[in-house]
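Note sheet for the following structure.
We count residues from 1, following the sequence as given.
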Amino acid sequence: MAGLLPLCAAALLLLLLAAGGAIPPPEEAARMARFVLHHCDWGALATLSAQEGLRGRPFANIFSLSDGPPGPFSGSGVPYLYLTDMEISVQDLEINSNASLTVSLAQTSYCKKHRYDPQNPLCAHIIFCGSIVKVNDSEAGLAKKALFSRHPEMESWPKDHNWFFAKFNITNIWVLDYFGGLKIVTPEEYYSVKP
């Protein structure tokens, strides 16, 4: 029986690693931000509308994203997107590239498992502010691998839509993962930790 305990502990560790590890504690806000982004496949991107009748007003839209292939420690922390100029939010970004991006553990099984409402602070969500920029040729391969590994359907999207890889250039980060208000994380803190 005593020999089974180490085997069970090892099996549990492998399961945790396969599932992306345990959620970071609230005092590790930078790790939480990396964790949430890496475990989310989409986010709400808010722009300032350039559309007739909405010009200058906030406009939010859903976009698929990825910071790297699924699995523990494989995320770069950079939110990559696959975009086309035909998309209404991308047209907004052509006028003003500033945006905010919100990702939430509500899209994972974590919050449902714990019966957390998406608005409950324990159902962590992260708000990034910054701008959307097209990736350069040297980064395109990384963006493609990150996105197509999680969103394989993207490879078959119509070529005549002129898709391109972009990234969210993070300038500010707010973490809401516990009671007591938002926590501010700098991009330097964010990129210096692993999820």
Tightest non-hydrogen contact, residues A50 and D92, listed as N-OD1, 2.8 Å
So CD1 of I95 and CD of Q51: to nearest 0.5 Å the spacing works out to 9.0 Å
Run the numbers on F164 and V90 for side-chain contact (heavy atoms from CB on, under 4.5 Å), then give the verdict.
CA-CA 11 Å; F164 61 91; V90 176; 4.1 Å; yes
Any side-chain heavy atom of F179 within less than 4.5 Å of one from P121?
yes
Nearest heavy-atom approach of I23 to M32 is CG1-CE, 3.6 Å
Just by distance, do the side chain of R34 and the backbone of Y190 share a donor-acceptor pair under 3.5 Å?
yes
Cluster overlap Y80 with F165, hydrophobic side-chain contacts below 4.5 Å
yes
Interatomic distance, E188 atom CD to I173 atom CD1 [nearest 0.5 angstrom]:
8.5 Å
Value for NE2 (H39) from CG (D67), rounded to nearest 0.5 Å, stands at 9.5 Å
Is it the case that over 12 heavy atoms from other parts of the model lie below 6.0 angstrom from the CD atom of Q119?
no
Side-chain heavy atoms of P72 within contact of H38, under 4.5 Å
no
Can you check whether T171 reaches F128 side chain to side chain, under 4.5 Å on heavy atoms?
no
Gap separating the NZ atom of K194 from the OG atom of S76, nearest 0.5 angstrom
8.5 Å
Look at the side chain of K183 and the backbone N and O of P26, then say whether any donor-acceptor pair between them is shorter than 3.5 Å.
yes
Roughly how far, to the nearest 0.5 Å, is OG1 of T102 from CD1 of I127?
4.5 Å
Using the salt bridge (Lys or Arg N to Asp or Glu O under 4.0 Å) rule, collect all pairs that involve residues 37-56, keeping only residues at least two apart or in two chains.
D41-R150, E52-R55
Should F59 and M86 be counted in the same cluster of Ile, Leu, Val, Met, Phe, Trp and Tyr side chains packed under 4.5 Å apart?
no
More than 12 heavy atoms from other groups under 6.0 Å of OH on Y116:
yes
In Å, rounded to the nearest 0.5 Å, how long is the span from OG of S89 to CG of L48?
11.0 Å
When you compare the side chains of Q91 and D85, does any donor N or O come within less than 3.5 Å of an acceptor on the partner?
no
If you look at every heavy atom in C40 and L105, which pair is closest and at what distance?
SG-N, 4.4 Å
Of all heavy-atom pairs linking N172 and P187, the shortest is N-CG, 4.5 Å
Any heavy-atom pair between the side chains of N61 and L45 that's under 4.5 Å?
no
side-chain hydrogen bond (donor to acceptor under 3.5 Å, both in side chains) contacts in which one or both residues fall within residues 156-167, not counting sequence neighbours:
E139-K167, E153-W157
Treating Q107 as the side-chain partner and W42 as the backbone partner, does any N or O pair qualify as donor plus acceptor under 3.5 Å?
yes
Quick one: does P118's side chain get under 4.5 Å of C111's, heavy atoms only?
no
Could you check whether any side-chain N or O of S74 sits under 3.5 Å from a backbone N or O of P69, counting only pairs where one atom can act as donor and the other as acceptor?
yes
I want to know whether Y82 and F63 have ring centres closer than 6.0 Å.
no
Is the backbone N or O of N98 less than 3.5 Å from a side-chain atom of S131, with the two atoms forming a donor-acceptor pair by type?
no
Please check this pair: side chain of S149 against backbone of K145, looking for a donor-acceptor N/O pair closer than 3.5 Å.
yes
Cluster link L142 to I132, ILVMFWY, side chain under 4.5 Å:
yes
So which heavy atom on S64 is nearest to which on L147, and how close?
O-CD2, 4.4 Å
Report the relative orientation of the aromatic rings in H114 and Y110; use parallel for angles under 30°, tilted for 30 to 60°, perpendicular for over 60°.
tilted
Applying a strict under-4.5 Å side-chain criterion to I, L, V, M, F, W and Y, I'd like to know whether V185 and W174 cluster together.
no
Could you tell me which non-hydrogen atom of V78 sits nearest to which non-hydrogen atom of Y191, and how far apart they are?
CG2-OH, 3.8 Å
Donor-acceptor contact below 3.5 Å, side chain S100 vs main chain C129
no
If we ignore hydrogens and angles and just use 3.5 Å, is the side chain of H125 paired with the main-chain N or O of D177 as donor and acceptor?
no
Should the heavy atoms of other residues, nucleotides or ligands under 6.0 Å from CG of D117 be counted, would the total exceed 12?
yes
Quick one: does P79's side chain get under 4.5 Å of L37's, heavy atoms only?
yes
Are V133 and L101 co-members of a hydrophobic cluster defined by side-chain heavy atoms under 4.5 Å apart?
no
Please check this pair: side chain of E87 against backbone of T84, looking for a donor-acceptor N/O pair closer than 3.5 Å.
no
Apply side-chain contact (heavy atoms from CB on, under 4.5 Å) to S104 and C123, showing your working.
CA-CA 7 Å; S104 171; C123 184; 4.2 Å; yes
